[in-house]
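Reviewing the structure listed below.
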Amino acid sequence: MSLKIDSLLIHGGIDGDETTGAVNVPVYQTSTYKQDGLGKNRGWEYSRTGNPTRAALEKLIADLEGGEYGLAFASGLAAINTVLSLFKKGDKLVVSDNIYGGTFRILDNVYKNFDITYKIVDTSDLEAVEKAIDEDVKAVYIETPANPLLTITDIEEVSKIAHKHDKLVIVDNTFLTPYLQRPLELGADIVIHSGTKYLGGHSDTVSGLVAVKDKALADRLYYLQNAIGGVLAPWDSFLMIRGIKTLGVRMDRHVENAGKIARWLQDSGYVQKVYYPGLESDPGYEIQKKQASGAGAMISFVLDEKYDYKKFFEELKLVTLAESLGGVESLVCHPASMTHAAIPADIRKQVGIVDELIRLSVGIENVDDLIEDLKQAIEASEAEG
Ligand SMILES: *Cc1c(COP(=O)(O)O)cnc(C)c1O
C-alpha cells in the first residue's frame, strides 16, 4: 500500500522490529558484529560501514524524500562535506547567494584549498544560473528558501537548466523538510538536510541526512560515507526517527504560527521589511506555492530605525536568543554576528544580510504569547531621544 507523507513519517523506513515485535527500531549500540566464518556475516560488519538503527533512519529519509537511497551523518556539515567530496580538483560549483554560513565556510576555507571552487549566483534568477554554468562547473548547489533572506529558487527550472548541461543539482532542504517540499520529485539529484533542525525537531540532536534516487550516485556516496567516516551514532539515529514521527503535526503548527506572525509584523508598523515567502507580497510567493505545500516557519525582518535591534534581543522573554532553528521552541538570532559571521562583511552586504537583520525560527508555542513577547520587546527597544 502506498502511504501518504504523514503516514510515512510514522511507518516509513523500517517499521518496528521484526524479531521482537517492538514498535520502535531498537538502538543497536554496537561497533562490530560476530561473523559466522571467514567471509560469512549476517549483513553487518562494522558500524561505521553500517548499523541497523542508522540504516532504518537512512531508509526513512529516502522514503520521505521520494528517493531510493538515504545516508545519515553526524551533522549537517558532515553530510555536506561528504557530498562535496564527490568533486575533484578544478571542479566548480554554482552556489545560491544566500546559503547557510557553515556551507559557505567549508567551500571558502576548506574546499577552495583543494582547488574545488564556487561561484556565488542569485539562483532565483534563472538566466544568471544558465550564464554561470561552464565546462568546469559540475553542480548547482541551492537552498530554497535560502538562509537567511528566504529567497526562493525554482527547483524544477534550475534542474532543467543544469541537466541540459549535464550538471548535478544539490538542494539543502533543511528549512522545509520533505513534509513540505520534495526536491528529488522536482528534478534535483541530491537532497541534503541538517537533521538538527525540523526533522529532529526538539533541539536535542545534531545530525545530517542525504537522499538520492540514482544508484551510481548512491554507491559513490556510500563509499565516501564509509571512507570519510562522519556517520551518525545509533542513539542519535533513534532520536531522529523518534523526532520525525511527529514532523507532520509540528510543521502544520510551525507554518500556521509563522503565517500569523509574518502578517502581524507586516501590518504592525514596527518593521521596515519582512522576509517570508508565505506573504503574497513576497517576490518568491508564486514559485514557493508551486513547489512546496507550505512556506515554512523561518521569518527574517528589519525593525524600523527608531528601534535598537541589539536592545530588542535583550528584551525578549519567551523567544530565546540562540543559534539553530527548527525546534519546538521559538528562537531568534542575529545572522550578521551568529549564523552568517563566517561570510566576509563585504559579501554579506552585497547579498543583503545587513547588520540590522533579525531571523526568527517560529516555534509551536501559543501564537498569541509569541506575538505579545515580540511586541513588548520591540516597544521596549525604542531608542532614546
Ligand atoms: C544548520 C544548517 C546546516 C548545518 O547543519 P549542522 O547540523 O549544524 O551541521 C546546513 N544547512 C542549513 C540550511 C542549516 O540550517
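Each ligand, and each atom within it, is numbered from 1 in the order the structure gives. Note that these values count all heavy atoms, side chains included, but never hydrogens, waters or copies made by symmetry.
- Regarding atom 4 (C) of ligand 1, its nearest protein heavy-atom neighbour is Tyr100 CE2, 3.4 Å.
- Salt bridge absent: Glu286 and Lys289 never bring a charged side-chain N and a carboxylate O closer than 4.0 Å.
- One finds a salt bridge joining Lys164 and Glu130 here, because a Lys/Arg side-chain nitrogen approaches an Asp/Glu carboxylate oxygen to under 4.0 Å.
- Of all the atoms in ligand 1, the ones that sit under 4.0 Å from a non-hydrogen atom of Ser207 are 7 (O).
- Distances between N or O atoms of Ile80 and those of ligand 1 include no value under 3.5 Å.
- Taking the ring centre of Tyr100 as origin, the terminal cationic atom of Lys197 falls inside the region bounded by 6.0 Å and 45° from the ring axis.
- Atom 7 (O) of ligand 1 has as its closest protein heavy atom Thr196 OG1, 2.7 Å.
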Report task. Might you work through the side-chain contact (heavy atoms from CB on, under 4.5 Å) test for Val158 and Ile161, ending with a clear yes or no? Result -> CA-CA 5 Å; Val158 163; Ile161 293 168; 5.6 Å; no
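- Close N/O approach between Thr103 and ligand 1 is not found [any backbone or side-chain N/O within under 3.5 Å].
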Query raised in the report: After noting the C-alpha distance and the side-chain angles of Asp304 and Tyr307, does the key distance pass the side-chain contact (heavy atoms from CB on, under 4.5 Å) rule?
Result: CA-CA 6 Å; Asp304 190 86; Tyr307 304 105; 3.9 Å; yes
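- Within the listing of ligand 1, atoms 7 (O), 9 (O) sit less than 4.0 angstrom from a heavy atom of Ser75.
- Looking at every heavy atom in both residues, Pro335 comes nearest to Ile353 through CB-CG2, 4.0 Å.
- Atoms of ligand 1 found under 4.0 Å from any heavy atom of Leu325 (numbered from 1 in listed order, with element): 15 (O).
- Under a cutoff of 6.0 Å and an axis angle of 45°, Lys310 and Phe313 do not form a cation-pi pair.
- Each of the atoms 5 (O), 6 (P), 7 (O), 9 (O) of ligand 1 lies under 4.0 Å from some heavy atom of Gly76.
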Report task. Starting from the C-alpha separation in whole Å, work towards a yes-or-no answer on side-chain contact (heavy atoms from CB on, under 4.5 Å) for Val129 and Asp125. Result -> CA-CA 7 Å; Val129 173; Asp125 177 350; over 6 Å; no
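- Ligand-side atoms of ligand 1 in range of Ser194: 1 (C), 2 (C), 3 (C), 4 (C), 5 (O), 6 (P), 7 (O), range being under 4.0 angstrom from any heavy atom.
- In this comparison of Asp172, Thr339, Thr174, the heavy atom closest to atom 11 (N) of ligand 1 sits on Asp172.
- In this structure, atom 15 (O) of ligand 1 lies nearest to the protein heavy atom Lys197 NZ, 2.7 Å.
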